[in-house]
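Everything numeric in this text was worked out from a predicted model, so none of it was measured.
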Amino acid sequence: MAFDMGATILSLQGVNKSFGPIDVLHDINLEIRAGEVLCLLGDNGAGKSTVIRLLSGVHKPSSGTITMDGKPLNFASPREAADHGIATVHQFGGTFPLMSIGRSFFVGREPVRWVGPFKVYDRKTANDIAVKAVQNFGITRIEDGDRLVGGLSGGERQALAIARAVHFGARVLILDEPTAALGVKQATHVLRIVNEAKRRGLAVIFITHQVMHAMAVGDHFAVLIRGAIASDFKKGEKTREEITDLMAGGASMATLEAEIESNMAGHDA
Amino acid sequence: MSTSSSLSFGSLMRRPETGSFLGLAAVFLFFTAFGGTNFASPTGAASWLNVAAQLGIVAIPIGLLMIAGELDISIGSIIPAGSMTCAIISGHFGLPIIVGVGAALALGAFIGLINGLLVIRTAVPSFIVTLGTLFAVAGMTLGFSVLVTGTTSVAIKVPEAKWLLGDFIGGIYQVTIFWWIAAVIFWTFFLHASRFGNWIFAMGGDKVSARNAGIPTDRVTIMLFVCSGMSAAFVGLSQAILYNSAQVSAGQSYIFNSIISVVVGGVLLTGGYGSVFGIVLGTLTFAVVSQGIYFTGFDANWASLIIGVLLLGAVLMNNTFRKMALSYAPKKAGK
């Protein structure tokens, strides 16, 4: 698979989305390029999930256009988006905890071999490919494809889900809060995997509200506040404090603290 | 890399049917000890194998539905409906047995189709949907039977079909046992070796993700309901042919008995985990307890107590084994 590094894959132009009378997204403009990590930052309810759903084919924009490779997007379902190379990995990664690594890796695309007149699920091939794909992302502890997904750590599950997406030809990887439920060490693993995906030329959309994690891997940042992009900047253009302030709603954290303190003082008096 | 470890003791402990195997061994030893030599003799074995075969044929598709995250209790009235359909057509009206059998199976498939369509269209839990069809079908069976034949019990004499569907081999073993064995082979292949099996596990694990992965979840759900409906109708018609008569109310016990067999067999109630072999062991366990009691000196009324305790024990044990399977990680070098 060859990727044209830096080429725009997905582009959102003037995208609005409303559900009935409620406007959720306003005039969103974003560019997502191969070999780049776009960090989508924002507080709960800022509209991050809606952006993901627009890109992964769950919803359609109310107005504005989304293009992929210059052609307008019109996906009927997440499956169709996945077929076009847009893969979404959710917070808990492996969603089939009681299935083996090999089986869950190939759900819906099981490898089969002929045994006499019967088509039989090829467990060995599935396990070998799945284990190799995960190991290529640096998770070398996974050696047995018969292990159940539920027995993996949170970071390993994310790795499995990302490896699966990449194996099946994803060009755009949407990671929805992949580090939110993880400890420091596990989160580091996931961030390393994000870097590996980027190195391979995938376009990564990394959704998070942890500024530290975003800064560790991001090339490009967009901060969403109440459905609009409050700020759009490149790596190194803003400090951590500035980003945190932006996410907190534009008001600087210091001002906020001062306000709280003066309020408290008022109550004490 | 895993061929050597798949035969080890540790990997056996992680299989879904381990708990049910231990349960079966325990009740078997118990009844062999208290039931004397009769229990394990060919005649004794026939008594519980016959029960297991009839129950087993419906328990497997019920188990598959449960693995896929659904439930079907309408079998409780599909069994007598299949029985009566066959008896009315081939007994009361005297049409060829092939017509009676075909009509009974078609009826089972049709009720299954309705169950499946209602479940996917309405998103009402399948327990409620099939509770509704359970009563609707029971009422229809009673109503039509009385309307057509004026009675609730219809005789059926079909000597030409008995060898295939309702005879005793060697005078004691029901021919249904062979149908059960055939069903076990078919479903084992279906669940564990074909692609469909993987889809069923995935649907039970997470239906939305399964659909997003491209699995035709609606079609699979309908197909499973059709299979359980047909299996129930098959058990009904084979009972009619075996006993030379059909009654309108002869299937309600199968509802709980099949669920008990499936759960004792290691299938997770919420879906996503289980095996056909486990369901077979669960069915045998149930049959051994319900029949074994007659070989002992105990009052048969105690059998339900044993089954109840066994069910709870099996669920707890299966939970433990599942946790072991989840927490399993291969040891690094030097194991």
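Counting non-hydrogen atoms of other residues, nucleotides and ligands closer than 6.0 Å to CZ of F75(A) gives a total above 12. More than 12 non-hydrogen atoms from other residues, nucleotides or ligands lie less than 6.0 angstrom from CG of L316(B). Counting non-hydrogen atoms of other residues, nucleotides and ligands closer than 6.0 Å to CZ of F190(B) gives a total above 12. Within 6.0 Å of the NZ atom in K132(A), the count of heavy atoms belonging to other residues, nucleotides or ligands does not exceed 12.
Here the shortest heavy-atom pairing between R79(A) and A213(B) reads NH1-O, 2.8 Å. Closest heavy-atom contact between F96(A) and A210(B): CZ-N, 4.0 Å.
Rounded to the nearest 0.5 Å, atoms CZ (R109(A)) and CZ (R195(B)) are 10.5 Å apart. A distance of 8.0 Å separates OG in S56(A) from CG in N212(B), rounded to the nearest 0.5 Å.
L326(B) places a side-chain heavy atom less than 4.5 Å from the side chain of L98(A). Annotation: side chain of N198(B) is in contact with side chain of E110(A) (closest heavy-atom distance under 4.5 Å). Side-chain atoms of M99(A) and F201(B), non-hydrogen and from C-beta on, do get closer than 4.5 Å to each other. Using a 4.5 Å cut-off on side-chain heavy atoms (C-beta onward), S194(B) and Y121(A) make no contact.
Proximity to chain B is limited to the backbone of F106(A), based on heavy atoms less than 4.5 angstrom apart. Contact of R113(A) with chain B is not made at all, since no heavy-atom distance falls under 4.5 Å.
Contact count against chain B (heavy-atom pairs under 4.5 Å) is highest for V107(A) among V107(A), I142(A), L152(A), T88(A).
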